[in-house]
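Here is how names work: the chains are called A, B, and so on, in the same order as the sequence lines, proteins then strands, and each is numbered from 1.
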There are 2 protein chains.
Amino acid sequence: MTTDPYNIACTHGFIQSSCSDCNLKGLCLPIAMDIKDIDKVDNIIKRSRPIQAGEHIYRTGDGFTSIFAVRSGSIKTYLLDDDGVEQVTGFYLPGEILGFDGIGTEKHGCNVMAMETSTVCEIPFERIEELSLQIPVLQRHFFQLMSQQIEADHQMMLTLSKKNAEGRVATLLLSLSRRFGRRNLSPNSLRLPMSRMDIGNFLGLTIETVSRTFSRLQKEGLIKVDGREIHINDHKQLQSICHASK
Amino acid sequence: MTTDPYNIACTHGFIQSSCSDCNLKGLCLPIAMDIKDIDKVDNIIKRSRPIQAGEHIYRTGDGFTSIFAVRSGSIKTYLLDDDGVEQVTGFYLPGEILGFDGIGTEKHGCNVMAMETSTVCEIPFERIEELSLQIPVLQRHFFQLMSQQIEADHQMMLTLSKKNAEGRVATLLLSLSRRFGRRNLSPNSLRLPMSRMDIGNFLGLTIETVSRTFSRLQKEGLIKVDGREIHINDHKQLQSICHASK
DNA sequence: TGCTTGTCTTGACATACATCAAGCATCCAA
DNA sequence: TTGGATGCTTGATGTATGTCAAGACAAGCA
């Protein structure tokens, strides 16, 4: 057991720490934000008790009221089409914000499920809108977050449309690596929070293809695979197979 | 030549009409907006002279200053990856708003090109941010527009990840049909503004597959194809082949 | 301990779509 | 009128990935 406050929050889940104490605040709030403005945001945030693996935070069609910041654990979002076919649309790690679907229609447009025991901060959106009118940097921040989501989704369209299985898997691994690194975790030793099924679903591949691709990348020495434990041996070469080539 | 003000604007391009006169305002501005607030928005908008087919409005890396509303014609957005591989990320028709990429980084994240002679309204984003602080319904509106973009992109991820060629093409045709209908044009007779190349690029297919798919749908009687002129004979059946099934 | 269940891996085979190639129509310039 | 782009269609063939099937491994439970 470490003394990392992130892990304490994760394990006990009832610690009501504040945004200003949170070591993730650089990720979900503007860096250049007044301490008194941070407190204003802090006051409207609801911190949840832990959500168990497989539990939903919201589902398609639920009324939209809040967006969510992941505090610990990991979350997936997915669509269900009319035939019940699932499309995973994103994986969210601590410090990342989800729930920007549904502002347009007042109804959430996707399903959100914890992939492991997780905690989230619930941010009532109407309150954020009110605060944004007083705190321009906050308004800007939320425009930026949504803009980044749009850019990431476009990159994902490129991945799905133009890359082969190796490129897709490598792209995901490097994305996770970068996001682990941003939280000061090792960018080379990852424990994947999601199943092969979720990876395949997200990347538009079958689990068999995902599995074979992991094996191939391992045989080529780029990564070391042990179930969900992944070690990245060669970032550069992984990068170089990320290019489009179907 | 019709007397549709849309076409007049398109053909001459220099007519400086205002938002309150624009027959597209229901699409790009909130419906429930005060006339005096509309005028405030109107005052910050720059109306461009016509942009020729193939001309760019901005490119990846250009400084982000404005978003754009399509006034006439049609626009595509696309990414270029390191190897020069292109991914079309969207098609934009009159009344639709583009350019939400780049708010996060202050640099545009994609390229924007006119597919035919087009006119756009340039909306300086900082001015919109300022106005949004005074006009809450405007702030909400831009959050909603971005949210809709995110939802549309997620649907696109499902299309690319889970649908076969027929499903992808049918999904695009119905999307265009709906958007034509929203502008009070026939939802059954479309003139496609984009090439087979752009369609294929957008849908993650080759032009040959796009062409064959059009031919097949025609042989099955669902559509009538004449170059870029498409007539939809059977919306219902087109809908029914949109489901995921790779 | 054995049984069940879920997750992952690996192999054999099938197929949707890519690739390669040819041909047609339209447009434009010489 | 000719020649050369450009855009689109159609056919023949190849291949990456899907599908089907079997088995390994670990976790949980009786």
With no hydrogens and no angle check, do the side chains of B:Thr171 and B:Thr159 hold a donor and an acceptor under 3.5 Å apart?
no
Quickly work out the B:Lys162 NZ to D:dT19 P distance and round it to whole Å.
11 Å
Of the listed D:dA16, D:dT9, C:dT7, the closest approach to the A:Asn164 side chain comes from D:dA16
Using side-chain hydrogen bond (donor to acceptor under 3.5 Å, both in side chains), reason through B:Ser72 and B:Thr119 one step at a time and then give a plain yes or no.
CA-CA 5 Å; B:Ser72 68; B:Thr119 53; 2.6 Å; yes
With a cut-off of under 6.0 Å to the ring centre and 45° to the axis, is A:Arg183 in cation-pi contact with A:Phe180?
yes
Tell me: CD of B:Glu166 to P of C:dT15, nearest whole Å?
17 Å
Taking the minimum atom-to-atom distance to the side chain of B:Ser195, which one of C:dT9, C:dC17, D:dC8 wins?
D:dC8
Please determine if A:Arg196 and A:Glu208 form a salt bridge, counting it only when a charged side-chain N lies under 4.0 Å from a carboxylate O.
no
Got a donor-acceptor pair under 3.5 Å from the side chain of A:Glu208 to the base of D:dC20?
yes
How many whole angstroms separate atom CG of A:Leu205 from atom P of D:dT17?
7 Å
Short of 4.0 Å, heavy atom to strand atom, which residues of residues 212-221 of chain A count as contacting DNA chain C?
A:Arg212, A:Ser215
In terms of the angle between their ring planes, are A:His108 and A:Tyr58 parallel, tilted or perpendicular, with boundaries placed at 30° and 60°?
parallel
Tell me the interatomic distance from B:Met194, atom CE, to D:dC8, atom P, rounded to whole angstroms.
11 Å
Calculate the interatomic distance between A:Asn201 atom CG and D:dG18 atom C1'; express it in whole Å.
15 Å
For the residue pair A:Leu217 and A:Val225, establish whether any side-chain heavy-atom pair is separated by less than 4.5 Å.
no
What is the distance, to the nearest angstrom, from the CD1 atom on A:Ile207 to the C1' atom on D:dG18?
12 Å
Taking the minimum atom-to-atom distance to the side chain of B:Thr206, which one of C:dT19, D:dT17, C:dC17 wins?
C:dT19
Taking atom CE of A:Met197 as the centre, does the number of heavy atoms from other residues, nucleotides or ligands within less than 6.0 Å exceed 12?
no
Please state how far atom CZ in A:Arg196 lies from atom C1' in C:dG6, giving the value in whole angstrom units.
14 Å
Can you see if the side chain of A:Arg228 gets near the phosphate of C:dC8 - specifically, an N or O under 4.0 Å from OP1 or OP2?
yes
Value in whole Å for how far the P atom of C:dC8 lies from CZ of A:Arg191
10 Å
